[in-house]
Structure formats: structure tokens, C-alpha cells
Amino acid sequence: MGIVSPGFQGRPRTQEPALPPGQYLTEDFPVLSAGPTPRVSLDTWEFVISAENGSEHRWSWQELMALPQETPMVDIHCVTRWSKLGTNWQGVSVDTLLDGVDTGAHFALAHSYGGYTTNLPLDDLRGGQAWVVHTFDGAPLPAEHGGPARLLVPHLYFWKSAKWVRGLRLKTMDEPGFWETAGYHDYGDPWREQRYQGD
Amino acid sequence: MTEMSYLDGNMLDGPMRELLTVDLSSAVGRCENCGMTGSMASLHVYSHAPGLVGRCPSCEEVMVRLVRGPDRAWLDMRGTTFLQVPMPMEQPFPGPL
Ligand SMILES: [Zn+2]
């Protein structure tokens, strides 16, 4: 055969997918970490939602796995400028976890094994926008990527998707978390490039 | 009784400038969490992150966070009780204050 022009043979060239401003596409999955990787045994793992009135709702690993499971396929955007498209996860919708929680709070502080925290408006954890995920690409989520379970909130920068997540504290006032107290944005919308405070 | 008067923050400029230009590796810090006091050069620094995170080598709590934006930087040292820096007197025999 002679010269093959692009588009003549095989799959047509797809449009370069739209990325949020300032982001670059990556095919691998960079590991970012602000500290040592916590090793959490599934026997003692728990997820706790504490409401602003002091009431607590707890799930063991078995209880989490017994809840309805979802398989979101989402694009993720890290504030360090990489984006990864079409990532495959399995986990429980935060809607499901909040179902029996009586709260009038508008904010949540996600907290993790190892001490990490990050703040989000509670509305951004509702409406099918957020999950507690334990499986990535069909395999148990590796510890370096936040396993046994991490938060997944793909419409915000990925530092909001707390690794090794242990629970949510529901709050009437927004309380900045680990990176938000050190200059990063309280909301972190990648499409509005809200990287730092005041952006 | 008279109230002690205070000066505005501008007066900190010189002393802070003198302090913050020291080589941090020669400084000693105290961990706010566990109280361990040691060289800042011995911190465990995590750099594959949105900022630099320096942790106490003894208890792994955060002692320093440094975030660099394109036009701003943030320093959070609430995990460090004090920083002790070598700072020799410019005059060997200072007069009384
Ligand atoms: Zn310490």
C-alpha cells in the first residue's frame, strides 16, 4: 500500500477532548501524597458521618459493601495540572450515605486516616456528584491511590477527593481543610481555574 | 497607670527579614505535636503534592507547609512551636538596651 492519509484508514481522528483551562492530558495515574501512606485494615475500617447536632452514622467495611453500588466513569483534574479522562470506579454514592442523616448543614469537612482534611459544600456531595469508592479499573483501590476507600468528587479539583477517607463532618460554617488553609481555593472548580485563594 | 503603646507591623520588617533569610537547614525547630526539637534538615518532606509538606521525623505530624502559586506563596508553620536560628551578634560587645 502506498501513503495512507490520516482518517482514510482505521478509526477517524477524534477531536481532542476539552480539558479545563491550564490542564494537560495524562494517560498514567500520578501518585500525589502529602504524607506517609496509611495502612488501614478492613477489619477496623469505618466510615462516619457526624451531623452538626452531634449524631453519628457509622458503616463498617461489610456494611459499605452491602449498600447499592455504582460504577461512575468520570474525568479527573488535579490542581498540579494533569487531567485523566474516563476513569472507572466502583463505590457508594454519597447520596446513599446521607439518606438517613438528618441535617441542615451546608458544608462538609471530609477527613481521612492519616489526618488529611478537605472542605466542600454539602450540595456538591449530593445529586449523584460524589462517591466513596473502593475499586479502580476493576481492582481494589491501591493504598497509594487512597485505598481502602477514597472520596470521589470529579467535578472539583482532585485534592477534594480525599484519599483514605474516614468520614464527613457536617458543618453550618465552612471550615477550610489541609490545602485550603495553605493557600488553595475553598471550592476548587477546575473549569473556573479556582486553584488558589481568591482565584 | 499608662497603657503600653504598640508599634505597627512595619517595624517587624527588618527583624523578620533578618530571620527569614537564614539557611533553614541550620535552624532547629520544635514540633508542636510531640515536642521533639531537632534540625529542620531532618524533616521528612513530601513534594509529590500540591505543595511542600515537611513532617516531624519523630511523630510524622506536619510542621511546615509551603505552597507556591504563580504570583504568591503561602507558609504555614503552625506545627512548629519555634524556630531557633543561629544569629551571631553583629557587634561583639553590644551596649545596654
Ligand atoms: Zn513530632
Side-chain angles (χ1 to χ4, degrees), chain A residues 21-23 26 28-39 76-83 111-119 142-146 150 156-164 175-188 190 193-199, chain B residues 9 12-13 16-17 19-25 27-83 85:
Chain A
Q23 295 295 110
T26 182
D28 55 4
F29 195 169
V31 173
L32 270 74
S33 199
T37 299
R39 306 283 164 179
I76 55 179
H77 310 292
C78 179
V79 75
T80 61
R81 297 185 181 275
W82 57 264
S83 288
H111 59 100
S112 298
Y113 289 97
Y116 183 77
T117 55
T118 187
N119 52 310
E144 68 265 27
H145 283 303
R150 76 179 296 160
L156 301 177
Y157 279 124
F158 210 44
W159 89 78
K160 299 285 183 182
S161 295
K163 291 159 82 166
W164 314 297
E175 181 186 321
F178 185 88
W179 287 119
E180 295 85 357
T181 51
Y184 280 94
H185 200 276
D186 278 322
Y187 186 63
E193 215 171 350
Q194 293 173 333
R195 299 178 193 273
Y196 302 102
Q197 294 283 333
D199 282 353
Chain B
L12 288 173
D13 192 45
M16 288 291 271
R17 189 185 302 266
L19 197 87
L20 292 175
T21 53
V22 299
D23 182 4
L24 196 63
S25 63
V28 164
R30 185 182 199 272
C31 173
E32 171 71 10
N33 183 56
C34 76
M36 199 204 80
T37 301
S39 168
M40 293 299 277
S42 70
L43 296 197
H44 296 174
V45 178
Y46 292 82
S47 60
H48 294 282
L52 296 175
V53 180
R55 290 178 178 265
C56 170
S58 174
C59 73
E60 293 289 355
E61 267 301 318
V62 177
M63 288 179 65
V64 185
R65 290 180 301 162
L66 188 58
V67 167
R68 183 71 168 95
D71 54 358
R72 292 172 287 166
W74 290 264
L75 174 65
D76 183 327
M77 292 195 65
R78 79 182 104 158
T80 303
T81 312
F82 66 67
L83 205 56
V85 302

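In what follows, every chain begins at residue 1, and chains take the letters A, B, ... in the order their sequences are listed.
- In the displayed structure, B/H48 atom NE2 is contacted under 6.0 Å by at most 12 heavy atoms of other residues, nucleotides or ligands.
- In terms of heavy-atom proximity, B/R55 sits nearest to A/A34 at NE-O, 2.8 Å.
- Using a 4.5 Å heavy-atom cutoff, the side chains of B/V53 and A/W179 are in contact.
- Listed here is the closest heavy atom pair of A/Q197 and B/R72: O-NH1, 2.7 Å.
- Interface remark: B/V62 contributes side-chain atoms only to the contact with chain A (heavy atom separation under 4.5 Å).
- For A/Y157, no part lies under 4.5 angstrom from a heavy atom of chain B.
- The candidate with the highest count of non-hydrogen atom pairs below 4.5 Å against chain B, out of A/G115, A/P36, A/P30, A/S33, is A/P36.
- When the candidates A/T181, A/D199, A/V79 are compared by the number of heavy-atom contacts under 4.5 Å with chain B, A/T181 comes out ahead.
- Between chain A and the options B/A49, B/G69, B/P50, the largest number of non-hydrogen pairs under 4.5 Å is found for B/P50.
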